**Student:** 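A single structure is presented below for examination.
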Amino acid sequence: MASSHNVLMRLVASAYSIAQKAGTIVRCVIAEGDLGIVQKTSATDLQTKADRMVQMSICSSLSRKFPKLTIIGEEDLPPGEVDQELIEDGQSEEILKQPCPSQYSAIKEEDLVVWVDPVDGTKEYTEGLLDNVTVLIGIAYEGKAIAGIINQPYYNYQNNEKEKLREHRNEAKAGPDAVLGRTIWGVLGLGAFGFQLKEAPAGKHIITTTRSHSNKLVTDCIAAMNPDNVLRVGGAGNKIIQLIEGKASAYVFASPGCKKWDTCAPEVILHAVGGKLTDIHGNPLQYDKEVKHMNSAGVLAALRNYEYYASRVPESVKSALIP
């Protein structure tokens, strides 16, 4: 099939399998009990054994198959031999069957930049808030995020815990065991897959925002939205999933702190289903290899009614956040 020879679709198909392997590594590290936590710049900026192993797995697996890619990962790791067990060389046959959008059919490998967040929501991971955690692989071309893969290692985690509790009580099972983990993927011009799109309740302003990096700018900006409810959760990937599954109406983070590897993959999934993600001024984010890693002007995103939220950002917040 023609699409199987296209660089972008081969990369997405490989990244899908690599992300699934990453999810397995994240679960294994927890199961083994030693998270190997290292504090980076602050008490809320942590790195675990899972961050290190997953980044090695993703970057090594991709670079072996696609040696001309530019790959930018969150963790600053020393070069060295990578355990063969961390290498994933599979690819999704289902994705290879999909047609490549015509605007990307002639892309060359060396034109692509891959942004990797091995564990998005590391702090929550260390605290046992496992459904906040995602693995993010974003693919950019000419500075624009065009394809993304999000693995949720602990999707259905709460369902599985309830199942175990029922078994412990010798209650009848309510259907088959829930499968742990899922992988969402998308390509602009093709769509986003692996989840059921749902909009937030009409007329409600439900804001999702940071759990551990809040400040006065963040709270002032959220207050200006007249929210009916505010959800404080970890992980940019997790927040975008809340938007596409109808749990939240907008993701508002009026502060520096979020990085390009946090937003590249989630942005694609949101844009592929008609949503919008920008900085707090309404500017699109840039993902070329030379760009600064920090999203210094914050993040504003919504599946629907983006203009409402953009129009309510206070000028005081905008003037404090320089792109």
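In this text, all values refer to a predicted model and were calculated from it rather than measured experimentally.
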**Student:** Do L69 and V116 belong together in a cluster built from hydrophobic side chains that touch within less than 4.5 Å?
**Tutor:** yes

**Student:** Sequence neighbours left out, what pairs pass ring-ring contact (aromatic ring centres under 6.0 Å, His included) with at least one residue falling in residues 235-273?
**Tutor:** W261-H293

**Student:** For R27, enumerate each residue passing the salt bridge (charged side-chain N to carboxylate O under 4.0 Å, His left out) test, keeping only those at least two apart in sequence or located in another chain.
**Tutor:** none

**Student:** Can you name the one residue among V12, N6, L190 that meets side chain to side chain contact (heavy atoms under 4.5 Å, CB included) with Q98?
**Tutor:** L190

**Student:** Verify, without hydrogens or angle tests, whether S63 (side chain) and S60 (backbone) share a donor-acceptor contact under 3.5 angstrom.
**Tutor:** yes

**Student:** Is the backbone of K68 close enough, under 3.5 Å, to the side chain of E109 for a donor and an acceptor to pair up by distance?
**Tutor:** yes

**Student:** Suppose we screen for ring-ring contact (aromatic ring centres under 6.0 Å, His included). Which residues come up paired with H205, at least two apart in sequence or across chains?
**Tutor:** Y308, Y309

**Student:** Any heavy-atom pair between the side chains of V230 and T209 that's under 4.5 Å?
**Tutor:** yes

**Student:** The criterion is salt bridge (charged side-chain N to carboxylate O under 4.0 Å, His left out); which residues satisfy it with E245, sequence neighbours excluded?
**Tutor:** R182, K247

**Student:** Hey, could you give me each pair passing side chain to side chain donor-acceptor pair (under 3.5 Å) that has a residue in residues 295-304? Not counting sequence neighbours.
**Tutor:** E199-R304, K260-N295, T263-N295, K292-S296

**Student:** Please tabulate, for side-chain N and O atoms in residues 127-136, each donor-acceptor pair with protein atoms closer than 3.5 Å (sequence neighbours left out).
**Tutor:**
from : atom 1 : to   : atom 2 : distance (Å)
E127 : OE1    : R211 : NH1    : 3.0
E127 : OE1    : R211 : NH2    : 2.6
E127 : OE2    : K123 : NZ     : 2.6
D131 : OD2    : Q158 : NE2    : 3.2
N132 : OD1    : G234 : N      : 2.8
T134 : OG1    : D120 : OD2    : 3.4

**Student:** If you measure only the distance, is there a donor-acceptor pair under 3.5 Å linking the side chains of S255 and N215?
**Tutor:** yes

**Student:** I need the minimum non-hydrogen distance between E124 and S212, along with the two atoms involved.
**Tutor:** OE2-OG, 4.0 Å

**Student:** Can a donor-acceptor pair be found, under 3.5 Å and without considering hydrogens, that links the side chain of T122 to the backbone of V119?
**Tutor:** yes

**Student:** Taking the side chain as C-beta and beyond, is there a heavy-atom pair between D89 and S61 under 4.5 Å?
**Tutor:** no

**Student:** Any non-hydrogen side-chain atom of Q286 less than 4.5 Å from a side-chain atom of V291?
**Tutor:** yes

**Student:** Name all residues meeting the salt bridge (charged side-chain N to carboxylate O under 4.0 Å, His left out) criterion together with E290; count only those two or more places apart in sequence or in a different chain, and write none if there are none.
**Tutor:** none

**Student:** Could you list the residues that satisfy salt bridge (charged side-chain N to carboxylate O under 4.0 Å, His left out) with K21, not counting sequence neighbours?
**Tutor:** none

**Student:** Using a cut-off of 6.0 Å, state whether more than 12 heavy atoms not belonging to D76 lie near its atom CG.
**Tutor:** no

**Student:** Less than 4.5 Å apart, any side-chain heavy atom of I146 and any of I107?
**Tutor:** yes

**Student:** To the nearest 0.5 Å, how far apart are CD in E267 and CG in L277?
**Tutor:** 5.0 Å

**Student:** Can you check whether L231 reaches I207 side chain to side chain, under 4.5 Å on heavy atoms?
**Tutor:** no

**Student:** Check whether any side-chain N or O of Y125 sits under 3.5 Å from a backbone N or O of V26 as a donor-acceptor pair, and report yes or no.
**Tutor:** yes

**Student:** Rounded to the nearest 0.5 Å, what separates atom CG in N151 from atom CD in Q20?
**Tutor:** 7.0 Å

**Student:** Answer yes or no: is there a side-chain heavy-atom contact under 4.5 Å between S14 and F66?
**Tutor:** yes

**Student:** Side chain to side chain contact (heavy atoms under 4.5 Å, CB included) with Q196: which residues, sequence neighbours excluded?
**Tutor:** none

**Student:** Does the pair E74/K40 count as a salt bridge with the N-to-O cut at 4.0 Å?
**Tutor:** yes

**Student:** Examine distances only and state if a side-chain atom of E88 and a backbone atom of G90 form a donor-acceptor pair shorter than 3.5 Å.
**Tutor:** yes

**Student:** Going by side chain to side chain donor-acceptor pair (under 3.5 Å), T208 matches just one of K239, Q242, R232. Which one?
**Tutor:** Q242

**Student:** Excluding sequence neighbours, so at least two apart, what forms ring-ring contact (aromatic ring centres under 6.0 Å, His included) with H281?
**Tutor:** none

**Student:** As an exercise, state the distance from OG1 of T278 to CG of L300, rounded to the nearest 0.5 Å.
**Tutor:** 5.0 Å

**Student:** Taking only residues at least two apart or on different chains, which pairs with a member in residues 224-247 satisfy ring-ring contact (aromatic ring centres under 6.0 Å, His included)?
**Tutor:** none

**Student:** Are any non-hydrogen side-chain atoms of V273 and I244 less than 4.5 angstrom apart?
**Tutor:** yes

**Student:** Judged by modelled atom types alone, do R10 and Q91 share a side-chain donor-acceptor pair under 3.5 Å?
**Tutor:** no

**Student:** Are the side chains of I241 and Y155 in touch, meaning some heavy atoms are under 4.5 Å apart?
**Tutor:** no

**Student:** Taking the side chain from D262 and the backbone from K259, do they hold a donor-acceptor pair closer than 3.5 Å?
**Tutor:** yes

**Student:** With Y306, which residues qualify under ring-ring contact (aromatic ring centres under 6.0 Å, His included), at least two apart?
**Tutor:** none

**Student:** Given E75, which of Q47, R52, Q55 fulfils the side chain to side chain donor-acceptor pair (under 3.5 Å) condition?
**Tutor:** Q47

**Student:** How long is the straight-line distance from CD1 of I25 back to NZ of K49, given to the nearest 0.5 Å?
**Tutor:** 11.0 Å

